[in-house]
Each structure stands twice: as C-alpha cells, then as structure tokens.
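Just so you know, these numbers use all the heavy atoms, side chains as well, and skip hydrogens, waters and symmetry mates.
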Amino acid sequence: MQTHKNNLSHGLKSRHVTMLSIAGVIGAGLFVGSGRAIAEAGPATILAYILAGGLVVLVMRMLAEMAVASPDTGSFSTYADLAIGKWAGYTIGWLYWWFWVLIIPIEANIAATIINSWVPQMEIWVLSLVITLLLTATNLFSVKNYGEFEFWLALVKVVAIVAFIALGVCAIFGLLPGTGVSGVSRLWDTGGFMPNGFGAVLSAMLITMFSFLGAEVVTIAAAESSDAGKHISKATNSVIWRITLFYILSIFIVIALVPWTDPRLATEGSYVTVLDTLGVANAKAIIDFVVLTSVTSCLNSSLYTASRMVYSLSRRGDAPACAQVTSRSGTPVVAVLLSTGAAFLAVIANYLVPAKVFGFLMASSGAIALLVYLVIAISQLRLRQRLTAQGKSLGYRMWLFPWLTWGVIVFICSVLVVMLLRPDHRLEVVSTMVLAVLVVCSGLLVTRRRARGVPINSLGQGA
C-alpha cells in the first residue's frame with residue numbers, strides 16, 4: 001500500500017483544476033444562505049458581496065504570489081510556517097482542518113435532508129452516513145477520481161448559475177411576459193437601498209464570508225497537477241470574473257426581482273424565491289437538485305482539503321506520522337480516514353453532548369476564514385520583504401505592495417473587532433479565539449517535544 005517516499009501523485013488534469021477553481025467550492029451558501037443575508041441587510045447586501053469578494057481577490061493574489069514561487073499541498077499553512085514561525089503554520093493548519101471537518105457533516109446533513117424529502121422512507125442519519133462513506137471511497141482511490149467526480153459536479157453548478165442569470169436578465173428587461181416582473185425598482189422601493197444601516201451590511205458580509213471560503217483550495221489542489229504554477233496563476237487571474245459572475249451578478253438579480261422583505265428569502269432561499277416569482281414550474285425541485293449537487297461537491301472538496309492539510313502537517317512533523325502514508329496511487333489514505341473519522345465524531349457529538357456544547361463547536365469555526373486570510377496577508381508581507389532583501393525576483397506579484405497588503409491586514413482586524421462588538425457575532429469570535437489558543441498551546445508542546453530530539457521534516461517537501 002505504501003510508496004517509498006509517501007509522495008502525492010500529480011493526477012489532476014488541467015480541466016480538473018480549472019473547474020475546481022471556477023465552482024468547486026460553491027455550496028448551499030449561495031443558493032440558500034444568501035437569502036438570510038438579504039433578509040438582514042436588504043438590497044445593500046450587494047455591497048456585502050462586493051466587500052467580501054474584493055477581500056477574496058486580494059487575498060488570492062497574495063496567496064498566489066507565494067504558491068507560484070513554491071507550490072505546496074499545505075499552501076498557506078506551509079508559508080505561515082516559513083514566514084511567521086512553526087507555531088503559526090501549525091495553528092492555522094489545524095484550524096483550517098477543523099473548519100473543513102465540521103463542514104463535512106453539515107453538507108452531508110443538507111444532502112440527506114433533500115434526499116429524505118424525495119424518499120421519506122430512508123432516515124436522514126442513514127442517508128448522511130451513506131453519502132459520506134461513498135465520497136470517502138472516492139477520495140481514497142486516487143486524486144484523479146476526485147478530480148473527475150468534482151469536474152462534473154462543479155459543471156452542474158456552473159450551468160445552473162448561468163441559466164439563472166440568463167433568466168433573471170430576461171426578466172429585468174421585460175422579456176418574460178406574464179410574470180409581472182421587470183426593471184430593478186426592488187433595489188430601492190421597499191424602505192430604500194440600505195434599510196437597516198451599514199451595520200447590517202457588515203453582518204451580511206460575515207454571512208457571505210462563509211460562502212467565499214474555499215477559493216484558496218485551488219492552490220492546494222494545483223500542487224497535485226503537472227504544472228502547478230501555471231494553474232495557480234490562471235485560477236487567480238480569473239477570480240475577479242468568477243466572483244463577479246457567480247456571486248455579485250446572481251445576488252444583484254435576486255435583490256432586483258424580489259422584495260428583500262419577502263419571508264421566503266430566509267426560509268426557502270434566494271434562488272427558489274426568484275424562480276417562484278417568475279412562475280417557473282417545480283422551482284423548489286430544480287433548486288433542490290442543484291443544491292444537492294452543490295453540497296455533494298463541497299463535501300467531496302471538504303474531504304479532499306482536510307486530508308491534504310493534515311497530510312502536509314504530518315510531513316512537517318506537526319501531525320501523527322501515519323497521516324503521510326500514501327497508497328500506490330499517491331493518495332494519503334490515512335489522512336482521508338482521519339478526516340472522515342473526525343467528521344463522524346462531530347456528528348455523534350451533535351446527538352450526545354448538550355446543544356450548547358455542540359453550538360460552541362460549530363461557532364468555533366465562525367472566524368476561521370478571517371484568521372486564514374489574516375495569516376496569508378502577514379505571510380506574504382514578510383516573505384516578500386525577505387525575498388526583496390535577497391534580491392530575488394517573483395514570477396507572480398501582489399498589486400501595490402506593501403500598501404494593499406497592509407490595507408487587507410487593517411481591514412480584517414477591523415472586521416474582527418466589529419464582530420466582537422456585535423452580540424450576534426461575538427460568540428463566533430470568542431469561541432474561535434479559545435480554540436486558537438488551545439491549538440497554539442498544543443503546538444508549543446509539540447515544539448518542546450521536537451526540542452528534545454524528535455527530527456523535524458524540512459519545508460518544501462509537502463507535495
């Protein structure tokens with residue numbers, strides 16, 4: 001089962017990486033969760049998506065600068081290790097792994113709930129278990145199988161979003177007679193464009209951040225392709241139009257066609273509400289199918305991402321050594337099983353521990369996206385300064401360095417402060433910080449263990 005060096009394969013094809021970068025991490029957050037953001041901030045939700053999307057574009061540019069220079073399956077965790085210190089790479093790597101491990105049961109439960117509505121004879125927990133086991137098997141065979149499976153799932157999402165946008169544009173220009181919908185007056189005719197103030201926009205932005213986290217997965221996946229630098233550059237260059245098309249334009253169509261006070265936005269989701277408004281038959285069934293495809297895709301990517309992160313941590317001596325064991329096809333089988341096992345433990349905890357305890361576990365991932373972005377910005381700032389001092393040139397660069405990098409750092413810190421001050425987001429920040437402190441403490445213990453003679457794997461061997 002084990003290869004000589006426990007190295008990953010390079011089985012991802014160009015089309016796999018391209019499709020993963022386009023829509024691999026678009027999940028229920030866009031199709032369903034966006035309705036909650038609109039219900040909170042009104043039409044001004046579009047500003048929340050622009051702010052969050054702009055942040056992602058800048059962070060991806062910084063990450064790509066480092067990833068093109070040194071592709072690694074540990075991605076930003078490896079760069080934090082190199083730029084900030086062992087404790088930083090260890091901490092952000094495990095926090096990121098925790099985030100995706102928690103996503104696995106959430107996405108599996110959403111998928112199972114949809115299937116249960118079609119086949120009520122099957123219990124949700126059984127369906128959730130079957131779905132997770134099937135996708136675990138997909139991830140165990142080879143990265144090529146993962147890439148192929150993800151390619152077709154992501155393609156369904158792309159086709160669905162493009163069709164939705166086309167239908168919405170036709171409605172806005174009055175090309176759908178009989179619907180009674182046209183124009184963009186919904187942007188201001190129900191209490192104005194920003195009915196609940198800018199504070200609500202910031203709250204909506206925090207909701208949307210959950211949808212955006214995952215854009216960085218392409219830098220992890222590209223390390224298992226034949227031309228990592230080229231794929232990372234291509235994916236990063238296209239991130240602007242991807243965010244504009246799939247997120248900002250589709251949300252614009254929702255708020256242009258449906259009053260933000262429509263209760264269906266929060267209960268049924270934004271896409272279903274628009275299709276119902278336009279009189280599309282079986283709108284819920286159509287969106288349920290798309291959401292099922294989306295969450296299956298995200299679950300698949302969650303397993304992949306979590307396993308590669310713990311594999312990279314293991315290669316650097318920050319996780320159990322067994323996690324770097326690979327099969328003959330170059331798949332980190334133990335890392336996949338460890339990640340799946342942790343996800344199952346989270347599901348069991350949901351049933352066994354008090355609701356407040358599980359709520360704390362879920363809230364602990366609430367600010368991880370912002371911490372990941374903050375670490376990427378600080379790592380890029382320090383590595384770029386170091387390379388400049390050494391007189392080295394980069395093939396891919398962050399814009400307006402160091403001003404934009406510092407701007408991102410200040411913005412993220414400001415958002416974290418705002419979250420801490422707002423009662424509806426305070427638990428997320430506090431619980432994430434508590435978890436981060438626990439991880440840092442465990443990292444310090446690992447460092448002390450290394451100091452007593454345990455060998456440390458060198459950087460740059462993550463892929």
Side-chain angles (χ1 to χ4, degrees), residues 26-60 168 172 184-215 239-240 242-267 269-271 273-274 363 365-374 377 404 407-430 432:
I26 295 176
L30 175 61
F31 300 103
V32 181
S34 56
R36 188 161 63 95
I38 295 171
E40 182 163 338
T45 302
I46 193 71
L47 298 179
Y49 274 88
I50 292 173
L51 285 172
L55 178 62
V56 171
V57 168
L58 295 177
V59 169
M60 279 298 296
I172 288 174
V184 294
S185 61
R186 299 298 188 190
L187 292 173
W188 60 80
D189 67 1
T190 311
F193 178 70
M194 196 181 296
N196 296 327
F198 192 70
V201 174
L202 288 179
S203 291
M205 192 195 82
L206 298 174
I207 297 173
T208 63
M209 287 305 302
F210 187 85
S211 302
F212 280 113
L213 186 65
V239 73
I240 296 177
R242 284 187 282 123
I243 288 176
T244 302
L245 176 65
F246 296 134
Y247 287 94
I248 296 176
L249 184 55
S250 61
I251 295 302
F252 174 81
I253 287 172
V254 174
I255 60 179
L257 296 178
V258 179
W260 69 274
T261 53
D262 192 321
R264 293 176 298 173
L265 286 170
T267 57
S270 52
Y271 274 48
T273 303
V274 170
S365 66
I368 286 179
L370 290 171
L371 289 183
V372 167
Y373 291 164
L374 183 61
L404 272 182
V408 168
I409 292 172
V410 171
F411 179 77
I412 293 174
C413 291
S414 301
V415 171
L416 288 171
V417 171
V418 170
M419 288 180 69
L420 194 59
L421 295 176
R422 292 182 68 88
D424 50 339
H425 290 287
R426 187 174 299 147
L427 177 62
E428 296 174 21
V429 178
V430 173
T432 300

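Remark: R186 engages D189 in a salt bridge (charged side-chain N to carboxylate O under 4.0 Å, His left out) (not counting sequence neighbours).
The side-chain heavy atoms of S250 and Y271, taken from C-beta on, include a pair separated by under 4.5 Å. Contact of the V254 side chain with the L265 side chain is registered, since non-hydrogen atoms from C-beta on lie closer than 4.5 Å.
Shortest non-hydrogen contact noted between P195 and A41 is CD-O, 3.8 Å. The two residues M194 and V201 come nearest to each other via the heavy atoms CG-CG2, 4.2 Å.
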Contacts table for residues 255-262: side-chain donor-acceptor under 3.5 angstrom, sequence neighbours left out:
| unit_1 | atom_1 | unit_2 | atom_2 | d |
| --- | --- | --- | --- | --- |
| W260 | NE1 | T190 | O | 2.6 |
| D262 | OD1 | R264 | N | 2.9 |
| D262 | OD1 | R264 | NE | 3.1 |
| D262 | OD2 | R264 | NE | 3.2 |
| D262 | OD2 | R264 | NH2 | 2.7 |

Got a list of side-chain donor-acceptor pairs under 3.5 Å for residues 45-56, not counting sequence neighbours?
| unit_1 | atom_1 | unit_2 | atom_2 | d |
| --- | --- | --- | --- | --- |
| T45 | OG1 | A37 | O | 3.3 |
| T45 | OG1 | G42 | O | 2.6 |

With a cut-off of 3.5 Å and sequence neighbours excluded, list every side-chain donor-acceptor pair involving residues 408-420.
| unit_1 | atom_1 | unit_2 | atom_2 | d |
| --- | --- | --- | --- | --- |
| S414 | OG | V410 | O | 2.8 |

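Note that CG of L245 is 11.0 Å distant from CD1 of I243, once rounded to the nearest 0.5 Å.
Annotation: salt bridge (charged side-chain N to carboxylate O under 4.0 Å, His left out) contacts involving residues 244-258, sequence neighbours excluded, are absent.
With S34 contributing its side chain and S270 its backbone, the two residues share no donor-acceptor pair below 3.5 Å.
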TODO: For L187 and F252, run side chain to side chain contact (heavy atoms under 4.5 Å, CB included): C-alpha distance rounded to whole Å, both residues' side-chain angles, the deciding distance at 0.1 Å, then the answer.
DONE: CA-CA 9 Å; L187 292 173; F252 174 81; 3.7 Å; yes
